[in-house]
Amino acid sequence: MADATPQHSPLHDRHVALGAKFAEFGGWTMPLEYPAGVLKEHTAVRSSVGIFDVSHLGKAMVSGTGAADYVNATLSNDLAKIAPGKAQYTLCCDAVTGGIVDDLIAYYQDDEHVLIVPNAANTAEVVRRLQAEAPDGVSVVNHHDDYAVLAVQGTRSEEVLQRVGLPTGHDYMSFVEAPFEGPGVVVCRTGYTGERGYELIVANDGAAALWDALLAAGEEFGMLACGLGSRDTLRTEMGYPLHGQDITIDVNPVEAGLGWAVGWKKDAFWGRDAILAVKEAGPKRRLRGLIATGRGIPRPGMRVSLTHDVPLCEITSGTFSPTLKKGVGMALVPTMVNAEAEVGVDIRGRREIFQLTKVPFVETSVKES
């Protein structure tokens, strides 16, 4: 049997020193929150800046002659739409069913090198599938344990990076490599919060120095270390799906509202026929947002009903929105239901009314130049 001991970030000791509370996530023990608490961490990102350790995210390199072509022939989005130095949100889907194995970001370095960043729990499976189908001359190497990932997110994120000498101002979903005290850092204009921000990929032996420098630089802006608790409230306010909850191997990209991450004009990608069939027939359910009309706070697994005796589905993600001061959530709602209907959510035996709505729930500044 494989060792089931949770893995630690290379910054684990830093989090202990900051008084973090920990939780297991995707096989990793990661900070859930720090003494300031989830609400203050959330607010810091929305109003100024926060820093996250997201080293549990996977890292794998697809390299060799034809590497970019291979990625394009397997993952859902069309890599030909972007150029080297750009990143792209994409999906790894099951070749037969079209279900979502994982959602990830592909960093197009050049035609022979594409870095992929999957979710922690799915990294081994995504790598396994890519390795199994790789043509001669293309290798897929799992670097999950070799690199740390830090996310600096918020309206003051650029100022923090500038203080430590890292480049800023590049376009959304683009990346550059820069030196920092020896090891190079990949500075990516990406994130999972809905705010302007950057994700930094650095070798493990350079992670502590970078973390320390960023925390020191952010002090004047009120930057807080943020855990997975506030990461979840931030992404839920944006309607960003979480694999394992909102999207799974049993959910098709069309059902998930992720058709924009599918290269419909490509000749081939895993699951193309099954996904195209759902698109043409129309999905029977769609991932939709729900916002409370009262004081109810939805949680995953809570039952959603059209009327008391007409069940519909279950909440896939749900939380209290610190920005709106209301409960918000998502669910895979049957498409027969009006997209703006009121539905009920069973909250500990009490039926609370929610309004179906489009996401995001809050205004986004993630793409602002």
Side-chain angles (χ1 to χ4, degrees), residues 26 74-78 81 88-106 118-119 121-122 125-126 129 192 194 232 235-266 268-291 298-306 310-319 327-346 354-361 364:
T74 54
L75 304 186
S76 70
N77 215 334
D78 190 351
K81 290 182 178 179
Q88 185 180 67
Y89 180 84
T90 188
L91 307 169
C92 174
C93 296
D94 183 79
V96 177
T97 69
I100 302 172
V101 176
D102 198 23
D103 63 333
L104 56 141
I105 295 185
N119 286 293
N122 302 324
E125 179 62 13
V126 171
R129 291 181 182 236
Y192 196 50
D232 192 61
R235 70 95 191 167
T236 302
E237 285 188 344
M238 296 309 302
Y240 293 157
L242 176 65
H243 197 280
Q245 290 185 197
D246 310 295
I247 52 178
T248 68
I249 191 67
D250 297 318
V251 179
N252 184 283
V254 182
E255 297 173 324
L258 295 174
W260 58 270
V262 175
W264 298 109
K265 295 181 180 180
K266 293 199 302 182
F269 57 89
W270 287 338
R272 181 181 184 275
D273 290 347
I275 297 167
L276 190 59
V278 174
K279 181 188 179 187
E280 291 176 346
K284 295 181 178 179
R285 57 182 183 169
R286 285 291 300 267
L287 189 65
R288 300 200 182 279
L290 301 90
I291 186 166
R299 301 295 183 189
M302 289 181 172
R303 290 175 294 174
V304 181
S305 59
L306 188 60
V310 180
L312 293 175
C313 55
E314 292 184 349
I315 296 292
T316 54
S317 283
T319 191
V328 298
M330 291 183 282
L332 285 158
V333 180
T335 50
M336 67 178 184
V337 178
N338 186 292
E340 298 179 352
E342 287 190 343
V343 297
V345 177
D346 185 351
F354 282 71
Q355 178 83 46
L356 295 182
T357 186
K358 292 181 179 180
V359 294
F361 297 104
T364 173

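We find the CG-CG distance between Leu258 and Asn77 to be 10.0 Å, quoted to the nearest 0.5 Å. Taken from CZ in Arg299 to OG in Ser317, the straight-line distance is 11.0 Å, to the nearest 0.5 Å. With rounding to the nearest 0.5 angstrom, the OH atom of Tyr192 is 7.5 Å from the CG atom of Asp232.
Looking at Thr316, its side chain does come within 3.5 Å of a backbone N or O of Met330 through a donor-acceptor pair. With hydrogens and angles ignored, the 3.5 Å screen pairs no side-chain donor or acceptor of Glu237 with any backbone N or O of Phe361. Although no hydrogens or angles enter the test, the distance criterion places a donor-acceptor pair under 3.5 Å between the side chain of His243 and the main chain of Ile100. Judged by distance alone, the side chain of Asn252 and the main-chain N or O of Val254 form a donor-acceptor pair under 3.5 Å.
Shortest non-hydrogen contact noted between Pro253 and Gly98 is CD-O, 3.3 Å. Of all heavy-atom pairs between Pro300 and Gln245, the closest is CG-NE2, 4.0 Å. Arg235 approaches Asp246 most closely through the heavy-atom pair NH1-OD2, 3.0 Å. The two residues Asp102 and Val126 have their closest heavy-atom pair at CB-CG2, 3.7 Å. Smallest separation of non-hydrogen atoms from Met302 and Val345: CB-CG1, 3.9 Å.
Exactly one residue among Asp94, Asn122, Thr74 makes a side-chain hydrogen bond (donor to acceptor under 3.5 Å, both in side chains) with Arg129. That residue is Asp94.
A ring pair (Phe, Tyr, Trp, His ring centres under 6.0 Å) check over residues 270-289, counting only residues at least two apart or in different chains, returns nothing.
Put simply, the side chain of Thr319 reaches to within 4.5 Å of the side chain of Val328, judged on heavy atoms. In this structure, the side chains of Thr90 and Ser76 come closer than 4.5 Å at one or more pairs of heavy atoms. Residues Pro298 and Leu290 fail the side-chain proximity criterion, which asks for heavy atoms closer than 4.5 Å. In this structure, the side chains of Leu104 and Cys92 come closer than 4.5 Å at one or more pairs of heavy atoms.
The aromatic rings of Phe269 and Trp264 lie perpendicular to each other, with more than 60° between the two planes, well past the 30° mark.
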- request: Please step through side chain to side chain contact (heavy atoms under 4.5 Å, CB included) for the pair Val101 and Ile249, ending with a clear verdict.
  value: CA-CA 5 Å; Val101 176; Ile249 191 67; 3.6 Å; yes
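Within a 6.0 Å sphere centred on CZ of Arg272, heavy atoms belonging to other residues, nucleotides or ligands number more than 12.
Between the side chains of Tyr89 and Asp103, at least one donor-acceptor pair of N or O atoms lies under 3.5 Å.
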Do any side-chain atoms of residues 331-342 form donor-acceptor pairs under 3.5 angstrom with protein atoms, and if so which ones, sequence neighbours left out?
unit_1	atom_1	unit_2	atom_2	d
Thr335	OG1	Pro283	O	3.0
Thr335	OG1	Lys284	O	3.3
Asn338	OD1	Glu340	N	2.7

